[in-house]
Amino acid sequence: MKKKWISILLVVVMATAFFTGCSGSSEPKGDSEKGALDYSTIKIGEITSLVVNDGGWCQATHQSLLAAMKELGIPESNLVVIENVAEDQTSVANAYNALASEGVNLIIGASAGYATFLSDLAASNPDIVVAQQGDQVPNLIGYQIRNYEGMFLAGYASALMAESDKLGFAGSMSEASVRAAINGYALGAKFANPEAKVQLVWANSWYDVDLETQSAKTLINQGIKFMGMEASSPAIPQTCQANNAYCIGYNVDMHDLAPNAVLFSYMWNFAPIFKDILTATVDGTADSSKYYYEGGDCAQLSPFNDAIVPADIQEKVLSVKAALDRGEIQVFGGELKDNEGNILVADGEVMSDEDIKVQKFLVENVIGSWK
Amino acid sequence: MISFITSICAAAIVYAVSILYAAIGEIFSQRAGIMNLGIEGIMLMGAMSGFMTVYHTENLLLAFLVTILVGLLLGLAFAFLTVTLQADQTVCGMAFLIFCSGLSGFLGKSVTGIASAVKFEPIPIPGLSSIPVIGEIFFQQDIFVYLMYLVIPLSIFYIYKTKAGLMLRALGENPASLDQAGINVFAMRYGYVMFACAMTTISGACISLSYTNFWNEGMTGGKGWIAFSLVAFSRWNPAYAVLGALLFGGISILGINMQVYLPGVPSQFYGMLPYAATVVALVITTGSFRKKHSEEPAALCQKYDREDR
Amino acid sequence: MEKTALLEMKGITKKFGTVLANDHIDLQLYPGEIHALLGENGSGKSTLMNILLGIYKPNSGEMLYKGEKGQIKTPKHAAALGIGMVHQHFALIPTLTVAENIFLSLDHCSFILDQQKMENKIREYSEQFSLEVDPGAKVWQLSVGEQQRVEIMKLLCRNCEILVLDEPTAVLTPQEAGEMFKTLRKMAEHGKSIIFISHKMNEVMEHADRITVLKNGRVTDRMLASDADIDRMAKAVVGERDIEKITIRSKGKTGELLIDAKDLRVLNDKGLVALHDISFQLKAGEIFAIAGVAGSGQRELAEALAGLRKITSGRILMKGNEITKTNIRGRVSKGISFIPEDRLKMGLIPGMNMKENTVLKEFRGKAYSRGGILLSKAIRALTEKHVSDHDIKHGGLDLPVSLMSGGNQQKLLIAREINGNPELIIAAYPVRGLDIGATAAIHRTLLEQRNRGACVLLISEELDEIFELSDRVAVLCGGKLMGIRNTSETDYEEIGRLMSGESA
Amino acid sequence: MKIGAIRFEKKQTVSLSRKVLNPVIFILLGFVLSSVFIMANGFQPIPVFGKMITYSLLNTRGLIGSINAALPLMFCGLSVAIAFKMNLNNIGAEGQFAMGAIFGGAFALYGPALPAPLSGIVMFFLCAIGGGLWALIAAALKAYWNVNETIVTLMLNYIALLFLDYLCYGPWMAPKQTTAMTVTIPQDMYLPLIGGTSSGIFLAIIIAVLLYLFLKYTTGGYQISVIKNSLRTAEYAGIPVKKYILIVLALSGALAGVAGFVQVTGIVHRVQAQLPGGSGYTGIVIAYLSQCNPLVILLVSVLLGALQNSSAVVQIMGVPSQIVTMIQGTLMISVIAGEFFNRYRIVYYKADPESKRAEQKNNHSEQKGGAVQ
């Protein structure tokens, strides 16, 4: 009996020592660093919903941020990343508070779902600049990329290459930015071939290897050879490759995942935006009402897959891109109808950015429903 | 239309195979009286370890073996907790689920989001694969599918026609009587739990070595839970597990196709179909309005403690 | 008869904690003999056999088997040596077939099961020892007697030389028991040695060759069956102690009609008819016994009366009021109480404490709960009352009842069931597995209840108990009511005939 | 069971102090084991744990965060626990949570405007009803056809979450918004914050205490306990088992639905896709770790909430995010393994194997329970 109690006591003593020993060692960082900010002292916090090398959205954000920092000479060690932060208030608040207590100057919320929560938190602490992907909400610098410009080119290229009029699109979840990608792709296809139709299939998941595989298979079974995608796993390109179909990668350059199927990829390039935000933060000129809605270089395309895409098509795509950049082509320009027969934009007019951002429609030549 | 059906069938087979390894393994484990709720986590460990090996060595066979080894080790740990320490099987399963999903993410961090150079590719079987329809459905698959063609009859034969299978069935019904007969009940349970975990990791490897050549945290996306549900659904008979897996796979694939053929219904409702079908099928096959002797192993989830005898 | 012993156990001693279960026991077994181990429950018979089977290890003592010294380490080891046992609770797997169960017990059989070969082997033994079993039947479909045959068959298929049977006749009719002993004799003639455990002196005298009597873990007597007589055995079994003679047998006045059961038809768990349209009447102030072999429908009858089992057709009237469809709670409130046969699986909740077990039937009553809240003081008081009234020994009111001895558990159960003076007490095998002291106390309680004016429906498989206690006896066989007799006007032989299904 | 000179013997009773002390010891042991993983990653475990604890428990803001994170966990834990009190495995708290939020949300967003306290009360009950009804599907299948409730509740999770997705991405989605959320609920339905802490905590405490009292002191709790311990005895005693299956599973679902209520009115103030965020599954863990004691559930929820919340702060130190999940799993495994030592005592063999210690043992065999006589 005694032995038992002695052993228990021992464990308790050890454990107490273990924890008292550690509580002394973690004092909050002094705030001597405050004051003048420069590129060597700025501390940046990044909050992502998955891991930063997820092969998709988070990776694109992270790489863009690293590129911007490198350009400005900010050491990589100044960046603190918190991964796997769920899109709910408690998780976001917790990540924010942890970063705040670490003394960061800028927080980048890399998922649209953080917006409303970060907005409240940012109001309580104006010292920290918060930039947030997605909608424009109070107290946050908002940023978003006109992905439909890149996807317009994707659809254009697909339609040029496809022999049939029917193209496909594998979507993840019906969210505005996803719909923008779909509509961009469809309008691009129509630009190349007025008869082009885009069959849409939803996976109803942001990341599901199975469902994405099945989406691609379903499209291929429809006789579709070329498809666009808005998905994060490599399942769709790989399914295309296995079934002699082709697709346009999304988020990051997906060439290596399926070298025989990916024509090129649409890539998010936040680097110019981040560069601007970082500069403003260091200068002290950051304005929380600022909103970036960028196309052009931000809606980047990866290099073409020369083995598949003929040179003439490459040229055509590049020339359309130039026209887009110059504003000669308006993706959401009139006359524009949705696939339920409503006129969205009258002839000669252009849809407002507000409407583009929250778009709740699918354009005329998309087969499918957004609801 | 024919090509549509064959393609759905072929896809349903691929889907079914990826959960059947885990489900058949779990049938053995539950027949031995041990329930493992942590299948999802163990599958992730399988997917991660297999991919990790293939990424670094480009040797698929080695990856397959490493996957099995990882499964055996996890099984050993699970058996130690549930058989030797007689811990509650439900909590243990949950703990394994959490621990393994964390561990797989942690260990696999360095290879997340990168493709490996090789993966298991479909191997059309000469001759058989050119049979119309059937060839396309059954014989243009990869090694995991062909292996499953062996696993199904072997597991049924083992359970119902061999001495060891007989002992396994008795083990789940009444471990005390086996113990009295001088059979090492604990060793048997260790064996079957380890076997089940190895099968579960193979299911994981299906996803990272054959479905794709890619690893990402949580990439099994709930397949482990489906495999778990399949076990009771199958009434602990691998043959019914096969039917259940094909049904679930078929319906979920059909659900996506329905978006094309029957548009207008919000796609989430098609997503619900396989789960609703599972409930309905479960009610039909196991509901007690069918007067039948219950197939559930009587000792399932019961701690076996010699001193309680 | 100068043969060398096949097995010799010398000075076997086994302690459980402070209790000496076996105290220097010697036992010899010769080839081809039937050896009876006689003794009461708790006298150490089963412990000795479990040592022989390698389940327990003795603290001291040695064993010689075929002249070789050595300890039997495990049941497997015992099996390899050719020693096998039929336990009182069969170790069969109900979902498997007979053949599969036998396969399971074999150490050496091919990996792939040869069903045909096994069935042939079973048939061969069936004929040789007149031991009828259907190899293809599932065990859960078999009667208890058939299951016992499967157990014996298992030992034969394993080529056992020593067969140990623990209380083999407890579940059999006299006729079935006779058949079984014939089988045992045939096996002995083929050179097998048989040990059977029993507490019934008659059968021991009749069927054994030699008898060893155990009491409190010691051998008190050894004799050849031919030398045995009841007095000698009785003295060895119970010692010099006086067995309390039950004196309050005197019959009270005949009571009024309490229960009138008409054409009851009840199904068993397998959905088969367990009671074939039986009718009987119970009167207040009598003990009405139900005799019959285990599985003749007693359980279904008790459960049907208690309201636990649906009555398919027929009616039950209580004092003229229909209660056929009344649920359990309704019947409890009308004064029907039930002491079930399986006290730890049905009557009591082993994992809960005494207070919680005490209040099981009455917690809804005003005295023990108010507005859904349990009155713990009243419950404690009731428990304490039971403890003092029935002399229940316990380690504490807050400890689980699984820690109490069987006798005290049963006393608690009975105390609960007779609390509130019920009019009908259904007592199923109320003294099964209890020692003499507890048995006497419980018998006394039942008689007191009768004398108070309650009707006791006593279900028992011990004819001694029935003849000692009951006023009337009904015999069930295969779910049919074979007849009702006044106990004073019948004898063992008639009841035995009825139990085996012979009409009077 | 024997390993060398050590033998494990079964204990018949466990003292209260041991019951309390045992998990504490093994939680500490779990931390020691977890430090292996931390060291494997090149970090010193002591500062990491120190930071985790100081950040999430030992300062006000952290503690508030931990309590807020723990709120839905508490209700889910209670939900799982009450079902398990009757041996029912409800792994569907996740879906019942979602359904509760959907029912309550429908009222808050589209229902008639009611004066302030009343609207909150109505919403509370609607959330409970939503969760309860969802659980009732599994309950009815279990009670009447004996269909395995584990699988049914699990499948219903997927269906409920997809339905929530459908609403939040579709008809309920806020206009001018791109994320899968509804508009905020009317401000007068917000649960007030008290010093940053959601007042839902009081609701949790009240419900936990009520549940504790219910299980311990009422006839209902008593009957549930009888059913858990022995189904046959319950039937024998005339306890309506089927009715209790329906009631208890519905109550279990209702509690998970209330988790939806506190999350929507106290924290998020809107309905969003993936609202439960795994709380239902964590609830299983909490219920079992707390041995289904409602009061302990509150405490364990806060600890798990703190653990989840410390995920961020250890990442700042550079420790990978998955480590927190692993610590959680390690702690659970450690506590589960520790349970063994509640049931068994270790005996060190000396010369005489069945010496003094063995004599204390209450034993099996014929003499079973002989110790009391």
Side-chain angles (χ1 to χ4, degrees), chain A residues 3-4 8 11-12 14-16 18-19 21-28 45 47 51 80-91 93-99 101-102 104 111-117 134-135 144 173-180 204-205 354 357-360 370-371, chain D residues 21 24-25 28-29 31-32 45-51 53-56 58 61-62 65-66 68-69 71-72 162 165-166 169-171 173 175-181 184 263 267-270 272-275 277-278 305 308-313 315-316 318 320-322 325 345-346 348:
Chain A
K3 230 176 229 169
K4 188 177 75 186
I8 290 171
V11 173
V12 172
M14 269 167 54
T16 329
F18 184 81
F19 284 113
C22 54
S23 54
S25 65
S26 59
E27 274 160 24
I47 310 177
V51 288
V80 181
V81 187
I82 301 188
E83 294 177 335
N84 280 330
V85 176
E87 293 170 342
D88 64 55
Q89 203 272 347
T90 24
S91 306
N94 172 54
Y96 179 91
N97 290 334
L99 288 172
S101 68
E102 190 61 22
V104 299
S111 185
Y114 300 149
T116 48
F117 311 122
D135 295 333
Q144 200 168 334
M173 309 265 288
S174 179
E175 215 180 56
S177 78
V178 183
R179 291 191 288 266
N204 279 314
S205 166
E354 283 313 300
K357 267 187 280 177
V358 300
Q359 54 186 276
K360 291 190 175 176
W370 65 269
K371 280 171 194 150
Chain D
L21 201 58
V24 173
I25 293 171
L28 294 178
L29 190 71
F31 275 110
V32 174
I46 293 176
V48 172
F49 288 133
K51 184 114 189 196
I53 290 168
T54 43
Y55 175 77
S56 62
L58 300 183
R61 191 166 63 177
S66 301
N68 287 348
L71 261 182
L162 277 165
D165 270 3
Y166 160 70
Y169 281 100
M173 195 178 193
K176 304 264 170 211
Q177 264 236 315
T178 56
T179 41
M181 291 176 176
T184 51
Q263 192 72 350
I267 312 271
V268 191
H269 301 143
R270 50 167 71 73
Q272 66 171 90
Q274 302 301 317
L275 184 76
Q308 275 178 13
N309 270 3
S310 53
S311 156
V313 79
Q315 285 188 62
I316 288 177
S321 60
Q322 297 85 357
T325 324
R345 66 162 65 94
I346 307 172
Y348 301 94

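Below, chain A is the first sequence line, B the second, and so on; all start at residue 1.
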Region of [X] that comes under 4.5 Å of a non-hydrogen atom in chain A:
X: D:D165; result: side chain
X: D:Y55; result: side chain
X: D:Q272; result: side chain

Give, as side chain, backbone, both or neither, the part of [X] having an atom under 4.5 angstrom from any heavy atom of chain D.
X: A:Y96; answer: neither
X: A:V51; answer: side chain
X: A:A86; answer: neither
X: A:L99; answer: both
X: A:T116; answer: side chain

Selection from A:Q89, A:E87, A:M173 maximising heavy-atom pairs under 4.5 Å formed with chain D: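 Looking at each option in turn, the highest pair count goes to A:M173.
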Heavy-atom pairs under 4.5 Å with chain D, option from A:N204, A:T90, A:N84, A:N97 with the top count: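 Counting heavy-atom pairs under 4.5 Å, the top option is A:N97.
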Identified side-chain contact (heavy atoms from CB on, under 4.5 Å) counterpart of D:Q263 within the set D:N68, D:L71, D:V268: D:V268
Donor-acceptor contact present, side-chain A:S91 to main-chain A:V85, <3.5 Å: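 Side chain of A:S91 to backbone of A:V85: no pair is present.
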Set of residues satisfying side-chain hydrogen bond (donor to acceptor under 3.5 Å, both in side chains) with respect to D:Q308, sequence neighbours excluded: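 Listed in chain order: nothing, the list is empty.
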Closest-packed option against chain A by number of heavy-atom pairs under 4.5 Å, given D:I316, D:V313, D:L275: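 If we count pairs closer than 4.5 Å to chain A, D:I316 comes out on top.
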Among D:Q322, D:Q274, D:M181, residue most engaged with chain A (heavy-atom pairs, under 4.5 Å): D:M181
Counterpart residues, salt bridge (Lys or Arg N to Asp or Glu O under 4.0 Å), relative to A:E83 (two or more places apart): B:K109
From [atom1] ([X]) to [atom2] ([Y]), nearest 0.5 Å:
X: D:R61; Y: D:S56; atom1: CZ; atom2: OG; value: 12.5 Å
X: D:S311; Y: A:N94; atom1: OG; atom2: CG; value: 7.0 Å
X: D:M173; Y: D:Y166; atom1: CE; atom2: OH; value: 13.5 Å
X: A:I82; Y: D:Q315; atom1: CD1; atom2: CD; value: 5.5 Å

